[in-house]
Amino acid sequence: MENYLPKLKHILPMFFLIAFGSVLVLSLIRWLLAIEFEILDIDEMIWEFWIPAMLPWIPITIWLKPRLRVLTFKKDSNNRRFFFQIITWICVGVMLSISQKYLATATGKLTKLETIADIETVPKTLYYKLENFSVAPNLGSTYTVFDVSGKSSNHLNFNVYFVIPIFKDSTELAYDVPKYWYGIKYSKQISNRLSSDQKDEKYEEFYDQCVENINKYDFYTVDHFVRTPRSNDRNNYLNAIEASTFVRLDEKYIVLEPAVEDFKDRNGTNLIWIFKVFIVGLIVLLFSLLFPGYNERQRNKRFSRKKLKQDDIVKALRYLIPQGDHFATSIIIDINILIFILTLLSGNDIISPEPWELLYWGGNRRFEVMDGQWWRLFTALFLHSGIIHLISNIVGLVIAAKFIEPLLGLHNYFILFILSGLCGSLASVLWYENTVSVGASGAIMGLYGAILGLLYQGAYPDARKKYIFVLISIFVGLSLLGGLADDVDNAAHIGGLLSGLVIGSLLYKYNSQLVEE
């Protein structure tokens, strides 16, 4: 207890700074780029979940983690210090999520419209007051989404989306696909442990009740409308519209959801909950600081500005800077990350984007390539189908680069990566008829093929040959085994591996001859 106050003085100010600093910084960025100037139109799930989940790790790693070294434990010091990082991450992440919901509603302006057509003549906003309008329920449609949730997927969720066209008045006729739609969503959760017949019965009962509700729905008793932002809900509403019109839709269609509550109550209790979450996190942190010891020497070392041992994450971040033996690899990684971020900003799902979205960005498919779009063989190398795909390829690239880039040099390494990737893309086109292929895995397998070839040529010291062979063989084997899954392009893996073996061997032999001359 006697060292409790020094621990508080050393750690608590950083906890406050990270918590409220993160909220202010992210809110300012979103307000400027997405709300004030409308530069970014990002899916709400990214603002309210993915960014809050990932952003806190940056200040926690850079500023909080070094301060935690003053805490001492009898055993497992690193793991127990990590507990304090988890506390901070959960607290800050939840605060960020709630703050983004609050920011969206608090900054949303209420725009009054005489008719629905006036929405085109006013600045885009979140809320609308529509004075005169008419709906056509007989032209409406539905779309149902099923998903599971809860621990061990215990719950099955029904989400039924109804869309009804909105017109200026009852005399307006729809000669084309209506542009404005009234959106209503109904949801229900049941046990996922029921039998298939019971689930079907529950869904049919729920759906019939939804239809009955729509038939009795008072479309005109509404305080204001909420323009559905880019989100999963919006995508599902668009799917409902598409089911009705049989026309592939784009972003120009506007979906308005009714809000019965008064406009001034739109924020709910989100602002209060930001502080409630912080207080709970603070209490947990204060209580947890009672148990560890205090290392005065670490504190003095920190404030005397002596260099501490670098963190693994900091080293990983520095790997993104092109330099030394990983110059080319860092450039490739940076390009892949940058393009992935751009696809997210355009609305692609962070976990599993749709094939047509990847195709739009340059994905590889036989029909387009054979139609003359040969550039897709190249652009597909820098696209990824989700964050997991990107991370796994970066890890594989870094492992391969340690053994091959210093040996071949900058230019030959680039040549090997690109040519192997192109061969992998070509193999995918020849093997698959209607599969959208993306990712650097073909090129990465080319690097591993080159390493195997160079092992045979004696390019590595005898003492390391066995270690390199075992490591590379494990990675290649796992990649090819994982390629047996339906959504993995094994043709690109095999094409890249074989071409890399040949190209890497030729480049090494050519490079060796130049050195001898």
Side-chain angles (χ1 to χ4, degrees), residues 30 34-35 38 40-53 97 100-101 104-105 108 119 124-128 139-149 155-166 177-189 203 206-207 210 214 225-259 340-363 383-389 436 438 487:
R30 183 177 184 182
I35 297 174
E38 297 185 3
L40 300 180
D41 184 17
I42 306 179
D43 194 303
E44 289 296 299
M45 180 62 74
I46 296 177
W47 283 120
E48 297 177 4
F49 180 79
W50 290 110
I51 294 180
S97 180
Q100 295 313 295
K101 294 179 182 178
T105 57
I119 200 170
K124 181 181 176 181
T125 186
L126 185 61
Y127 302 105
Y128 296 95
L139 298 178
S141 183
T142 68
Y143 183 77
T144 302
V145 176
F146 305 91
D147 61 68
V148 295
S149 62
H155 305 303
L156 175 64
N157 306 303
F158 304 143
N159 300 287
V160 182
Y161 294 82
F162 286 86
V163 289
I164 298 94
I166 304 177
V177 179
K179 187 174 181 181
Y180 316 109
W181 296 81
Y182 200 117
I184 301 172
K185 174 185 176 183
Y186 292 109
S187 300
K188 183 177 181 178
Q189 185 178 87
Y203 170 68
F206 174 63
Y207 186 81
C210 292
I214 287 294
F225 287 93
V226 182
R227 182 171 183 158
T228 309
R230 185 185 291 271
S231 60
N232 286 335
D233 280 346
R234 173 171 169 77
N235 291 337
N236 292 326
Y237 280 127
L238 291 179
N239 286 331
I241 298 171
E242 185 177 350
S244 171
T245 61
F246 303 103
V247 175
R248 183 66 201 178
L249 303 176
D250 55 28
E251 293 299 314
K252 69 181 181 180
Y253 295 89
I254 297 173
V255 180
L256 300 177
E257 296 178 275
F340 184 73
I341 292 173
L342 291 176
T343 61
L344 291 184
L345 298 182
S346 73
N348 284 19
D349 188 82
I350 193 171
I351 299 296
S352 182
E354 296 291 337
W356 65 267
E357 293 176 317
L358 297 173
L359 198 63
Y360 172 81
W361 276 89
L383 288 171
H384 289 84
S385 57
I387 186 69
I388 305 301
H389 187 202
V436 179
V438 295
D487 58 346

Give, for atom [atom1] of [X] and atom [atom2] of [Y], the distance between the pair rounded to the nearest 0.5 Å.
X: I241; Y: K179; atom1: CD1; atom2: NZ; result: 12.0 Å
X: T105; Y: L126; atom1: OG1; atom2: CG; result: 8.0 Å
X: I119; Y: I254; atom1: CD1; atom2: CD1; result: 4.0 Å
X: R234; Y: R227; atom1: CZ; atom2: CZ; result: 7.5 Å
X: Y203; Y: C210; atom1: OH; atom2: SG; result: 8.0 Å
X: I184; Y: L256; atom1: CD1; atom2: CG; result: 11.5 Å

- Query: In terms of the angle between their ring planes, are Y186 and F162 parallel, tilted or perpendicular, with boundaries placed at 30° and 60°?
  - Reply: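 Ring orientation, 0 to 90° scale: perpendicular.
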- Candidate list Y182, Y128, W181, Y127, test ring-ring contact (aromatic ring centres under 6.0 Å, His included), partner F225, passing option: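 That would be Y182.
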- Item | Derivation of the side chain to side chain contact (heavy atoms under 4.5 Å, CB included) call for L344 and W50 | CA-CA 11 Å; L344 291 184; W50 290 110; over 6 Å; no
- Measure centre to centre between the rings of Y237 and Y161, then say whether the value is under 6.0 Å.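 That pair passes the under 6.0 Å test.
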- So, do F146 and F158 have ring centers that fall under 6.0 Å from each other?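 They qualify: ring centres under 6.0 Å apart.
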- Item | NZ/NE/NH1/NH2 to OD/OE distance under 4.0 Å, E44 and R30 |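 Judged by the 4.0 Å cut-off on N to carboxylate O distance, E44 and R30 do form a salt bridge.
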- Task: Applying side chain to side chain contact (heavy atoms under 4.5 Å, CB included), run through Y143 and V163 and close with a yes or a no.
- Result: CA-CA 9 Å; Y143 183 77; V163 289; over 6 Å; no
- Query: Is there side-chain contact between T142 and Y207, with heavy atoms separated by less than 4.5 Å?
  - Reply: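 Answer yes - side chains close enough.
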- Message: Are the side chains of F340 and I387 in contact, using a 4.5 Å heavy-atom criterion?
- Response: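 Counting from C-beta outward, I387 and F340 do come under 4.5 Å.
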- Heavy-atom pair of closest approach, residues S385 and P353: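 Closest heavy-atom pair between S385 and P353: C-CD, 3.6 Å.
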